[in-house]
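Encoded as structure tokens, the structure appears first; notes follow it.
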Amino acid sequence: MMKQGFRYYLKIYGKILVQNIKSKMSYRADFFISLIGIIFVNLSGFITFWIIFKNVPSLLNWSYYEMLFLYGFSLIALTPVQCFFDNNWNLLTYVFSGDFIKYCFKPLNLFFYYISEIFDIKGIGQLVVGITVLSYSWTNLGLDFSLIILVKLIIALVSASLFMISITNFAAASSFYILNSAYFVMMLSNKFKDYAKYPITIFGGALRIIFTFIIPIAFMAYYPSLAFLSNKEATFLTYFTPVYGITFFYLSYKFWMFGAMKYNGTGS
């Protein structure tokens, strides 16, 4: 397999992205209906928190606006998965049918080639809701804002995104190793991400360990957010998030690639 540099792949991805967006926009009615749908789905979380906190003043010392902060942060952090890594959801189908074999014959990185095939532009709707909710909670919490804080926020969001990308990679790549892994994929890629909206402190001791070190959903919002919430004390895991995120992503990539390189089709 040919090895190419970052600029080479960036140039190719730019061309693929343009064509992908053009194809999506050719069905504008479907695009706008889907976009509105995903906005309302994510706004439902905002409404849920509002209903809960109309009756409960706080959740384990987490206020309404602090919970909204976690929710908005998690939506933004999940956007790269929605937009750039959506094709991971289809990997099980490609592996089972044997169609994945077509990705094995191009002089491109297998992971890049497969993932770049789909860009889900509807994820922009999720991003808009996330930024709106985060800004609303930030203002109502009276948090400071500066260029340095913005840089820290971007680093925290990118780091948090790496965890969800990694979990999706691990879940999707299980298709190379486990027959009928659909439930496993759904559980890791979809079900667990809902827990990222909540403080890790609401879970018991065993689940805290699992959600921190094994299935690290706590890093999708909780630990990074502690660096910005003025009345919460950040832990060493808050500042370790970027390193842990990069490491976890690298391991998920190697796991994905190892399975892909061993793939031999269906044999039929």
Side-chain angles (χ1 to χ4, degrees), residues 1-27 30-31 34 38 78-123 126 161-193 214-217 220 245-268:
M1 181 180 295
M2 294 174 60
K3 292 186 176 180
Q4 303 289 352
F6 176 76
R7 291 181 62 184
Y8 173 80
Y9 282 105
L10 187 62
K11 182 179 179 180
I12 290 179
Y13 190 79
K15 294 180 179 179
I16 295 173
L17 181 61
V18 170
Q19 296 304 315
N20 208 306
I21 293 176
K22 284 182 179 179
S23 66
K24 293 289 194 308
M25 294 304 293
S26 63
Y27 301 94
D30 176 70
F31 165 73
S34 300
I38 199 168
L78 288 169
T79 297
V81 178
Q82 178 76 31
C83 290
F84 300 104
F85 293 84
D86 196 57
N87 210 24
N88 258 333
W89 287 99
N90 302 318
L91 185 59
L92 175 61
T93 302
Y94 281 109
V95 170
F96 185 77
S97 66
D99 291 335
F100 184 79
I101 199 70
K102 72 178 183 179
Y103 298 98
C104 302
F105 300 113
K106 292 289 181 69
L108 291 171
N109 177 278
L110 256 175
F111 182 74
F112 169 83
Y113 182 25
Y114 179 77
I115 293 299
S116 65
E117 190 175 51
I118 290 181
F119 175 81
D120 189 359
I121 197 172
K122 297 189 300 295
Q126 178 174 287
S161 293
L162 288 175
F163 287 100
M164 188 57 202
I165 294 169
S166 301
I167 290 174
T168 305
N169 287 343
F170 275 121
S174 68
S175 305
F176 294 122
Y177 307 93
I178 305 172
L179 188 64
N180 297 325
S181 60
Y183 178 76
F184 185 72
V185 173
M186 284 293 295
M187 181 180 67
L188 283 182
S189 294
N190 196 31
K191 300 299 182 183
F192 278 126
K193 74 178 182 182
I214 301 175
I215 307 173
I217 61 171
M220 290 180 214
I246 292 171
T247 302
F248 202 67
F249 173 78
Y250 176 75
L251 292 175
S252 73
Y253 166 75
K254 298 299 287 186
F255 181 74
W256 198 103
M257 285 294 292
F258 183 80
M261 297 302 290
K262 296 293 183 180
Y263 180 74
N264 292 313
T266 61
S268 59

Between [X] and [Y], does the ring centre distance come in under 6.0 Å?
X	Y	result
Y114	Y94	yes
F258	F255	no
F170	W256	no

Heavy-atom pair with the smallest gap, counting every atom of [X] and [Y]:
X	Y	value
F248	S166	CD2-CB, 3.1 Å
I165	P80	CD1-CB, 4.4 Å
S161	V81	O-CG2, 4.4 Å
Q82	D120	NE2-OD2, 2.7 Å
V95	F176	CG2-CE2, 3.5 Å
M220	I167	CE-CD1, 3.3 Å

Between S175 and F96, is a side chain to side chain contact (heavy atoms under 4.5 Å, CB included) present by the stated rule, with each step listed?
-> CA-CA 8 Å; S175 305; F96 185 77; over 6 Å; no

Report yes if the side chains of L92 and S174 come closer than 4.5 Å at any heavy-atom pair, otherwise no.
->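 No; the side chains remain at least 4.5 Å from each other.
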
Sub-4.5 Å side-chain heavy-atom contact between F112 and I12 =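 Yes; the side chains approach each other to less than 4.5 Å.
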
Can you list the residues that meet the ring pair (Phe, Tyr, Trp, His ring centres under 6.0 Å) rule with [X], with sequence neighbours excluded?
X	answer
F249	none
Y13	none
Y253	F111
Y250	none

Identify, with sequence neighbours excluded, every residue that meets side chain to side chain donor-acceptor pair (under 3.5 Å) alongside S116.
->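 S116 satisfies side chain to side chain donor-acceptor pair (under 3.5 Å) with no residue once adjacent residues are dropped.
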
Side chain to side chain donor-acceptor pair (under 3.5 Å) involving N87 - partner list, sequence neighbours excluded =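 With sequence neighbours excluded, N87 shows a side chain to side chain donor-acceptor pair (under 3.5 Å) to N90, E117, given in chain and number order.
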
For I246, enumerate each residue passing the side-chain contact (heavy atoms from CB on, under 4.5 Å) test, keeping only those at least two apart in sequence or located in another chain.
->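 By the side-chain contact (heavy atoms from CB on, under 4.5 Å) rule, I246 matches L162.
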
With sequence neighbours left out, what residues match T93 under side-chain contact (heavy atoms from CB on, under 4.5 Å)?
->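 Listed in chain order: nothing, the list is empty.
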
Find the distance between CG (L91) and CG (D99) and round it off to the nearest 0.5 Å.
->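 Separation between the atoms: 11.5 Å.
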
Distance from I16 atom CD1 to I118 atom CD1, nearest 0.5 Å?
->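 If we round to the nearest 0.5 Å, I16:CD1 and I118:CD1 are 12.0 Å apart.
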
Criterion ring-ring contact (aromatic ring centres under 6.0 Å, His included) against Y263, the qualifying member of Y177, F100, Y103 =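 Of all the options given, the one that passes is F100.
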
Are the side chain of Y9 and the backbone N or O of N109 linked by a donor-acceptor pair below 3.5 Å?
->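 Yes; judged by distance alone, with no hydrogens or angles, the pair exists.
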
